[in-house]
Number of protein chains: 2
Amino acid sequence: MNLPPLVQSFVLHFGEMGSRWGINRTVGQIYALLFLSPEPLCADDIVDKLGFSRSNVSIGLKELQGWNLVRLQHIPGDRRDYFSTPDDLWQIVRTLVEERKKREIDPTLSMLRETLLVEPGSAEERHAQARMRELHDLIALLTGWYEDVQKLETERLVQLLTLGARVQRILEMKDRLTLLPGRRGRASAADAPPKDAPPKAEEA
Amino acid sequence: MNLPPLVQSFVLHFGEMGSRWGINRTVGQIYALLFLSPEPLCADDIVDKLGFSRSNVSIGLKELQGWNLVRLQHIPGDRRDYFSTPDDLWQIVRTLVEERKKREIDPTLSMLRETLLVEPGSAEERHAQARMRELHDLIALLTGWYEDVQKLETERLVQLLTLGARVQRILEMKDRLTLLPGRRGRASAADAPPKDAPPKAEEA
DNA sequence: CCGAAGTTTCAAGAATTTCTGAAAACAATA
DNA sequence: TATTGTTTTCAGAAATTCTTGAAACTTCGG
């Protein structure tokens, strides 16, 4: 590996973290390299800089494409594929969250939806199903919110994030406004906290 | 494995998903079982129900304790350790997010903070560092927001989530209010979108 | 202090994932 | 269609992670 020290430490870190992020070392390092690179790189550039085998790099790039995390582009007069990451970090975050949701949450939501249709055959199954329904409703609430937020323009999103703790004050303000006769929107079973959940948080 | 079908399919699913969630099959299945169980279980109960070796269960439980995802308790007159998951799903979500942040984000934030102190030695390093600063500021903004939200009472949190898309309207309302002379709070370098990021989101 | 009941550690084998080099497939050009 | 440069596939080697049974360790009541 032949990289400026600053770049190298970042690349190595991403390699290490890869396993925690659900990608492997190679993929993590390739991504880090592309992220920092001022111009697009082709597979052979990556082989040179990281010292992985050509095929390993090829598979890694394919995986990154599967995640929509890299952009494929061409340079006029050059037949090779060049890759880069979007300049806009917000775009990267949006993609990342979307893809993780797809892989880590959606399958579980489907499973829960299906399982909740089965008729329970015992008290134990009835309890299990109640628990699953709670989980389903919670996840549905979270993903519904996520989808709404994903639609916001970046500027609004930044505004929302910058608001931080002060969001509480805004919610209180809204409370007061909504004491007028209520029109309520999308909320479903998840409208209130789950039945047997005490509103106080308990310490672990 | 000797479980009611409904429970079994849930347990198997969690086992499968385990690898995507950064835990392994054993740990995923143990957690699923505890999550659905009406009463606390001891290690031997788990061995019976899932058919893993005793030591494997022991390691799995230890890992779950490391994640703060299970609660250890005792039954009077019984020396064995019994385990359960919190009844309050919101508590579970809070713990889960907290622990993932600790493992998946905090180390990177530290690395970035340190790396940003190094003096760049070339144009390439200067560019890399600018990119890292962007990333650092973005993550700092997100985690700052997260910390604020984590402090909200569950009731407020549900309210915020239920708000969903209508948050936009609230933000606009706030805009109008804030046209009055401004008092601004915590926001730092991340106050505006990153320098060279166009506010329009580009499609991948 | 002893023995019983329980938990954890450890080394080795099993299973899975990652990585490689060689060969096959592909695509553009002449 | 043949040539050339490039990407992808694939089978096995290497590395890592998971799982187990046995032994070591802890804790508690007598």
Engineer: Could you state the atom-to-atom distance from CG of B/Asp81 to C1' of C/dT7 in whole Å?
Structural biologist: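 After rounding, the reported distance stands at 8 Å.
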Engineer: Take atom CD1 of B/Ile75 and atom C1' of C/dG6, then tell me their distance rounded to the nearest Å.
Structural biologist: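 After rounding, the gap between these two atoms is 15 Å.
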Engineer: What I want to check is whether the side chains of A/Arg126 and A/Gln129 have a donor and an acceptor closer together than 3.5 Å.
Structural biologist: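 Side-chain D/A pair, A/Arg126 to A/Gln129: absent.
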Engineer: Starting at the 5' end of DNA chain C, which residue's closest nucleotide do you reach first, B/Phe83 or B/Ser19?
Structural biologist: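 The residue mapped nearer the 5' terminus is B/Phe83.
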Engineer: For the pair made of CD1 in B/Ile23 and P in D/dT17, what is the distance, rounded to whole Å?
Structural biologist: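 For the pair B/Ile23 CD1 and D/dT17 P, the rounded distance is 16 Å.
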Engineer: If you define the side chain from C-beta out and look only at heavy atoms, does anything of B/His127 sit under 4.5 Å from B/Pro120?
Structural biologist: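 No, their side chains stay 4.5 Å or more apart.
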Engineer: What is the distance, to the nearest angstrom, from the CZ atom on A/Arg25 to the P atom on C/dT20?
Structural biologist: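 In whole Å, C/dT20 P lies 8 Å from A/Arg25 CZ.
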Engineer: When all nucleic acid strands are considered with a 4.0 Å heavy-atom cut-off, which category describes B/Arg79: base, sugar-phosphate, or nothing?
Structural biologist: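 Base contact.
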Engineer: Does B/Glu99 come within less than 4.0 Å of B/Arg103, counting only side-chain N to carboxylate O?
Structural biologist: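 Yes, charged N to carboxylate O under 4.0 Å.
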Engineer: Are B/Thr26 and D/dT19 close enough that a side-chain N or O sits under 4.0 Å from OP1 or OP2?
Structural biologist: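 The answer is yes; a side-chain N or O of B/Thr26 sits under 4.0 Å from OP1 or OP2.
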Engineer: From CG of A/Leu72 over to C1' of D/dT8, roughly how many Å is that when rounded to an integer?
Structural biologist: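 Computing the A/Leu72:CG to D/dT8:C1' distance gives 14 Å.
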Engineer: Rounded to whole angstrom units, what separation is found between the CZ atom of A/Arg80 and the C1' atom of C/dC26?
Structural biologist: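 Going from A/Arg80 (CZ) to C/dC26 (C1'), I get 17 Å.
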Engineer: A side-chain contact here means heavy atoms from C-beta on lying under 4.5 Å apart; do A/Phe14 and A/Phe35 qualify?
Structural biologist: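 The answer is no, as the side chains (C-beta and beyond) never meet within the 4.5 Å cut-off.
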Engineer: Flag the pair A/Ile23 / A/Tyr31 as yes when at least one side-chain heavy-atom distance between them is below 4.5 Å, and no otherwise.
Structural biologist: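 Heavy-atom side-chain distance check fails, nothing below 4.5 Å.
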Engineer: For A/Glu16 and C/dT18, give me the distance from atom CD to atom P, rounded to whole Å.
Structural biologist: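 The answer, rounded to whole Å, is 14 Å.
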Engineer: Could you tell me the separation between the OH atom of A/Tyr82 and the C1' atom of D/dG5, rounded to a whole number of Å?
Structural biologist: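 Taking OH of A/Tyr82 and C1' of D/dG5, I get 12 Å after rounding.
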Engineer: Taking it one step at a time, do B/Ile30 and B/Phe83 satisfy side-chain contact (heavy atoms from CB on, under 4.5 Å)?
Structural biologist: CA-CA 10 Å; B/Ile30 293 175; B/Phe83 297 89; over 6 Å; no
Engineer: Would you check if there is a donor-acceptor pair between the side chains of A/Thr85 and B/Arg131 at a distance under 3.5 Å?
Structural biologist: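 Yes, side-chain donor-acceptor contact under 3.5 Å.
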Engineer: Answer with base, sugar-phosphate or nothing: what part of the nucleic acid does B/Asp44 contact at a heavy-atom distance below 4.0 Å?
Structural biologist: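 Answer is nothing: B/Asp44 stays at 4.0 Å or more from every strand.
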Engineer: Please work out which residues in residues 45-64 of chain A have a non-hydrogen atom less than 4.0 Å from an atom of DNA chain D and list them by number.
Structural biologist: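 Output list: A/Arg54, A/Ser55, A/Ser58, A/Lys62.
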